[in-house]
Amino acid sequence: MQYSAQFLQAPATPLPPKQIQGTATTKTLSIPNQCCKFSRRELAISTSSSMLLLLGSHALEPLNLSRARAAELPDNPDKIEPEEPSRKVDYCSDQNVTKRAFLEVSVDGEPIGRIVIGLHGESAPVGSARFSNLVSGAAGVSYRRKDFVRIMPNYVQHGGLRSYGVDAELAKSTGRTMEIDNLVNEWEKQSEMCQGTKNVARSVSIIVRDPSKPPPKTKLVARGGKLEIDQEEVGKDVNGTEFTIALKDSPELDTSALVIGRVLEGMDVVERIGQVKTVKENTSSPYFRAAKLIGDKRAVVAERGFNRPYSKVKITNCGLME
């Protein structure tokens, strides 16, 4: 048991492999007759002790590493704050308001309130100038007594002015036209400069590429000596007078609308407009899809009437604020 105790005692300082080998050789030469006199029990105890020492040294390494990492953390783990994600510029916000306009709205003749709109004359000068001229009447025509024609879940759309008839003649008398080339250029520039959704909640936008046509107009047509009621297709191309007000973030408008301002006051009035009942969309009907597929004019007319309010939602008064 004398030699077993020698193997059980761990060396105080580990030696390099060469030194260990030399020391073992010296012991073998000094006690050549005793080195091989270990019993099987002594050899088993020595081997087990060596294995325990080896495994223990390996087990201490991850424990020491865990203690080192724990020392780097704060005392209270509940106070660990997550890293803030990199901030993205989702919309060209922080835009200066150069002018303020107001719209007074009624539903079926009942006033529901006033909407105050701040125009971004610096970032969208062409669009804000077009809107302010139509609100103030400087263009010869205005939004007064004109209707909202579509109410969607995310936004409401005003029908704007007609490209023909009295509206067009009044605009022409002041030397103004309904051309939208400059509006399209400004919309393209805005799409390049601003990343992410531009038509966010409260945004006011002018439609420059209308994805849908306005509701059809009825008219009397003489056919075969008889008067018949027919649907008149008007406003196939936008004229830069239709505008939208976003109830919620509306990325679907980014492909067709130029943001020219935002609602400053009266968002409750916009929400009241959004609650007006509308013609239910029926694009999932197999009859509608079949008629649309074969180019039936009735399907086109019906599609234009979808989401149209049953009540008259009208701008009774509008103008610029000082």
Heavy-atom side-chain contact between [X] and [Y] under 4.5 Å:
| X | Y | answer |
| --- | --- | --- |
| Glu281 | Asn307 | yes |
| Lys198 | Met193 | no |
| Arg308 | Thr278 | no |
| Ser106 | Lys312 | no |
| Ser205 | Leu253 | no |
| Ile315 | Phe148 | yes |
| Val276 | Tyr310 | no |
| Glu252 | Tyr155 | yes |

Is there a continuous path of hydrophobic side-chain contacts, each under 4.5 Å between heavy atoms, that joins [X] to [Y]?
| X | Y | result |
| --- | --- | --- |
| Phe102 | Leu264 | yes |
| Val105 | Met267 | yes |
| Ile260 | Leu320 | no |
| Leu258 | Val184 | yes |
| Val135 | Val97 | no |

If you compare all heavy atoms of [X] against all heavy atoms of [Y], which two are closest, and at what distance to 0.1 Å?
| X | Y | value |
| --- | --- | --- |
| Arg150 | Pro309 | N-CD, 4.2 Å |
| Ile180 | Gly240 | CG2-N, 3.3 Å |
| Ala246 | Val200 | CB-O, 3.2 Å |
| Val116 | Met321 | CG1-SD, 3.8 Å |
| His120 | Ser128 | O-OG, 3.8 Å |
| Val259 | Ala124 | O-CB, 3.7 Å |

Main-chain N/O of [Y] paired to [X] side chain as donor or acceptor, under 3.5 Å:
| X | Y | answer |
| --- | --- | --- |
| Trp187 | Thr255 | no |
| Glu122 | Asn96 | no |
| Arg262 | Gly118 | no |
| Asp254 | Asn199 | yes |
| Ser311 | Val107 | no |
| Thr316 | Glu104 | yes |

_Within the 3.5 Å criterion, strictly below it, is a donor on Asp249 or Thr197 matched to an acceptor on the partner's side chain?_
no

*Mind checking whether Phe243 and His158 have parallel, tilted or perpendicular rings, split at 30° and 60°?*
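Judged by the thresholds at 30° and 60°, the geometry between Phe243 and His158 is parallel.
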
Approximate separation, where rounding is to 0.5 Å, of [X] [atom1] and [Y] [atom2]:
| X | Y | atom1 | atom2 | result |
| --- | --- | --- | --- | --- |
| Leu247 | Arg202 | CG | CZ | 11.0 Å |
| Leu161 | Glu242 | CG | CD | 8.5 Å |
| Tyr143 | Thr241 | OH | OG1 | 5.5 Å |
| Lys189 | Cys194 | NZ | SG | 10.5 Å |
| Leu103 | Arg144 | CG | CZ | 10.5 Å |
| Arg130 | Leu183 | CZ | CG | 5.0 Å |

_Neighbour count >12 (heavy atoms, 6.0 Å) for atom CZ, Arg298_ =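 Check fails, neighbour count at 12 or below.
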
*Residues, nucleotides or ligands: over 12 heavy atoms within 6.0 Å of Lys146 NZ*: yes

*Given side chain to side chain contact (heavy atoms under 4.5 Å, CB included), test Ile273 with Ile112 step by step and report yes or no.*
CA-CA 9 Å; Ile273 297 173; Ile112 61 173; 3.9 Å; yes

